[in-house]
Amino acid sequence: MPEPILEIKGLVVQYRTTKGDVTAVDGVDLTVNRGEILGVAGESGCGKSTMAVSILGLIRPPGYVREGQVIFHPQKGAPIDLLTCSPRQLRAIRWGNISYLPQGSMNSLNPIARVRDQFTDVMEEHGERGDRSGIRDRIDLLLGEVGLDATVADMYPHELSGGMKQRVLMAMAIALSPDLVIADEPTTALDVTIQRVIVQNLAELSRKFGVTLLVITHDMGVHAQLDDRVAVMYQGRIVETGGVRQVFKDPQDEYTQRLIRSIPTLDVNQRAKAEAQESAR
């Protein structure tokens with residue numbers, strides 16, 4: 001029987017505008033099971049990222065959570081509704097229990113601090129104690145886990161490529177051995193070669209460290225390679241959920257079918273058939 005690590009129940013998130021409140025996440029129900037890789041798919045603007053930042057209390061005005069529950073099940077202790085936590089409680093949970101890989105790694109690192117100092121700040125803030133030599137060795141080890149040389153620790157973000165920055169953030173995300181990592185568009189703005197490396201790194205980290213992954217991306221190719229299960233989101237709602245093989249082989253919702261047909265293919269006959277089906281609608 002799968003053990004839930006995160007249960008989203010009836011989540012509604014809205015944005016205030018001069019013409020009234022606009023609903024971005026509309027009554028989402030979603031369960032993430034411990035040890036799995038769950039993907040959330042959907043086009044840009046469907047509410048994926050809004051849902052992700054709302055989970056961790058990072059939604060900013062004019063956005064706000066109108067209603068719902070986000071129940072987190074830590075390995076030790078009672079379940080916690082993240083939406084009722086104080087800012088101080090959420091600060092302790094972030095990085096320590098749940099890590100977040102935000103969109104746009106280019107802007108997520110402090111541009112005037114070396115990579116090593118940013119690791120150290122996160123680790124010491126969350127109670128990681130020990131001599132600086134021990135922390136230094138751990139940082140070097142974490143960078144190695146994502147395929148980066150230890151020399152990267154002494155570099156500034158502007159000295160790194162986009163793919164290297166993303167892998168630095170991945171290493172930071174697992175630094176405190178969290179239960180859950182939420183990766184929001186982890187391959188956006190990267191070339192296809194680096195995208196493959198990032199996908200492989202995520203899969204290896206999940207397997208090696210036993211981390212549960214919630215992967216949010218519009219790229220159906222990433223979901224096909226990485227996920228155990230996939231949930232498809234459209235206009236703020238989850239329209240289909242299932243095992244990744246089952247969803248790709250026999251998608252039930254029309255929107256899911258269209259997303260899968262959007263994956264580039266070298267099969268001319270398959271592409272022509274898909275185009276004919278689309279024209280007939």
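This one's a predicted model, so the numbers in the text were calculated from it and none came from an experiment.
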**Request:** Could you list the residues that satisfy side chain to side chain contact (heavy atoms under 4.5 Å, CB included) with S49, not counting sequence neighbours?
**Result:** Q103, D184
**Message:** Rounded at 0.5 Å granularity, tell me how far CD1 in I238 sits from NZ in K48.
**Reply:** 10.5 Å
**Asked** For A183, what residues pass the side chain to side chain contact (heavy atoms under 4.5 Å, CB included) criterion, not counting sequence neighbours?
**Response** L101, P186
**Prompt:** Below 4.5 Å, heavy atoms only, C-beta onward: do L202 and I37 meet side chain to side chain?
**Reply:** no
**Prompt:** Hey, are the side chains of D21 and R66 touching, using non-hydrogen atoms and a 4.5 Å cut-off?
**Reply:** no
**Request:** With rounding to the nearest 0.5 Å, note down the distance linking CE in M164 to CD1 in I194.
**Result:** 9.5 Å
**Item:** By side chain to side chain donor-acceptor pair (under 3.5 Å) - contacts of Q235 (at least two apart)
**Value:** none
**Request:** Applying side chain to side chain donor-acceptor pair (under 3.5 Å), name anything that partners Q252, two or more places apart in sequence or on another chain.
**Result:** D250
**D81 side chain to V70 backbone, donor-acceptor under 3.5 Å** = yes
**Message:** Using the side chain to side chain contact (heavy atoms under 4.5 Å, CB included) criterion, which residues pair with R196? Sequence neighbours excluded.
**Reply:** Q200, Q225
**Request:** Say whether L160 and I139 are linked into one hydrophobic cluster, either directly or through other cluster members, by side-chain heavy-atom distances under 4.5 angstrom.
**Result:** yes
**Prompt:** Step by step, would you call D154 with R114 a salt bridge (Lys or Arg N to Asp or Glu O under 4.0 Å)?
**Reply:** CA-CA 6 Å; D154 296 312; R114 295 183 190 273; 5.8 Å; no
**Message:** Could you work out, with ring pair (Phe, Tyr, Trp, His ring centres under 6.0 Å) as the rule, every residue matching Y234, not counting sequence neighbours?
**Reply:** Y255
